[in-house]
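Quick note on labels: first sequence line is chain A, next is B, and so on, each numbered from 1.
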There are 2 protein chains.
Amino acid sequence: MPNNQFKKGELYSFMTGKASTAIARRLQKNFKQAGIDITVEQWSVLYHLWKADGMNQQDLCNATFRDKPSITRLVDNLEKLALVKRNASKQDRRMNIIAITEEGRELEEKCMEIANTTLNEALEGVTNGQIEIAKEVLQTVYDNLK
Amino acid sequence: MPNNQFKKGELYSFMTGKASTAIARRLQKNFKQAGIDITVEQWSVLYHLWKADGMNQQDLCNATFRDKPSITRLVDNLEKLALVKRNASKQDRRMNIIAITEEGRELEEKCMEIANTTLNEALEGVTNGQIEIAKEVLQTVYDNLK
DNA sequence: TTTGTTTAGTTGCATAAACAACTGTATGCC
DNA sequence: GGCATACAGTTGTTTATGCAACTAAACAAA
């Protein structure tokens, strides 16, 4: 049991997600300062759509690790902001295909720049090698629990 | 600028805290299954009090990375559950010294066992060396942003 | 003393989350 | 076809969260 050796107390930062909470808040603040009026939750949905436009809501649930009602409401709000649009699928009429609008697309570059800046603030003093390992760990955790 | 080299897309898991969200949910579920009726938020407060009883609410804010109203309400609820007790400080009458009750103390062992089990589920396949590095990274992020 | 500032904690309000129950569509089996 | 089941998405309710405004005590300067 290799994982039983490290001390309980030290593991706290893993469990509570202090670090990721901190990043999310900083990102929120930086968006606001840049005059971009979206929440980090909305950003996380847009992020996936920028990568792969045309996902359905269930895909977004899986990608963002959120439940269906949350995605329904996030998409509601993004639609109100005219950043995405629901299109009924012709193959399967149960599904909504979520498409980025022109306005949504225009936010991409600026948002990504802010995200990168935020990340650089957060990761100051961390080497690329350490980041690689941390990413692997987080990915494994995610895979183990999903 | 060593941190500008890694690719944007790969950094997503850092920003959204998917992994820590996943751990928190699994922990919640495991508490529930064990018949322990506390939330992970409540657990995170208890965790710090088990380590160092007699913190005030501001200390708990810093330790848990939550704001004052959140701690006020978490302590309200923990008091209702009779797991902690507010004692007015005699040195500084603005402060509440939060003390673990007998009942709160009794939960410690079982909760820690569940937390460890959850963590072992989450970290299956991850080596101690990797965990050490991930912890360092998270701590640095936290320190950079706080 | 008194006046202003900082700090600890609380309350109110608007928003978001988790969970369960629901609608409507698709799929599989007889 | 007819029926049961599974799946995509929505709605409702309860509870938690974030932000701002507030109270009260401590501290500091005059």
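Between A/Ile38 and A/Cys111 there is a side-chain heavy-atom pair separated by less than 4.5 Å.
Remark: side-chain polar atoms of A/Thr101 are paired, donor with acceptor, to backbone N or O of A/Ala82 under 3.5 angstrom.
The CD-P distance, from A/Gln58 to D/dT10, rounds to 12 Å in whole Å. Look at CZ on A/Arg86: it is 9 Å from P on D/dG9, rounded to the nearest Å. Look at CD1 on B/Ile71: it is 19 Å from P on C/dT7, rounded to the nearest Å. A/Asp76 places its CG atom 12 Å from the P atom of D/dG12, with the value rounded to the nearest Å.
Between B/Lys135 and B/Glu132 there is a salt bridge, since a side-chain N of the basic residue sits under 4.0 Å from a carboxylate O of the acidic one. Between A/Asp76 and A/Arg86, at least one side-chain N (NZ, or NE/NH1/NH2) sits under 4.0 Å from a carboxylate O, which counts as a salt bridge.
Nearest heavy atom pair, residue A/Leu46 against residue A/Val84, reads CD2-CG1, 3.9 Å.
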N/O to N/O distances under 3.5 Å, protein versus nucleotides 15-19 of chain C:
| residue | atom | partner | partner atom | Å |
| --- | --- | --- | --- | --- |
| C/dA18 | OP1 | B/Arg25 | NH2 | 2.8 |
| C/dA18 | OP2 | A/Ser70 | OG | 3.3 |
| C/dA18 | N6 | A/Arg73 | NH1 | 3.4 |

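Checking B/Glu41 against B/Asn77 by side-chain atom types alone, no donor-acceptor pair falls below 3.5 Å. For the residue pair B/Asn144/A/Glu124, the side-chain donor-acceptor check at 3.5 Å is not satisfied.
Applying the 4.0 Å criterion to OP1 and OP2 of D/dG9, one finds that A/Thr72 has every side-chain N and O outside that range. Phosphate proximity of C/dT10 to B/Gln57: present, with a side-chain N or O under 4.0 Å from OP1 or OP2.
For the segment residues 87-100 of chain B, residues with any heavy atom less than 4.0 angstrom from an atom of DNA chain D are, sorted by number, B/Asp92, B/Arg93, B/Arg94.
Nearest-nucleotide positions on DNA chain D for A/Asn56 and B/Lys68 put A/Asn56 closer to the 5' end.
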*Yes or no on salt bridge (charged side-chain N to carboxylate O under 4.0 Å, His left out) for A/Arg105 and A/Glu108, after CA distance, side-chain angles and deciding distance?*
CA-CA 5 Å; A/Arg105 184 61 68 186; A/Glu108 179 174 5; 3.2 Å; yes
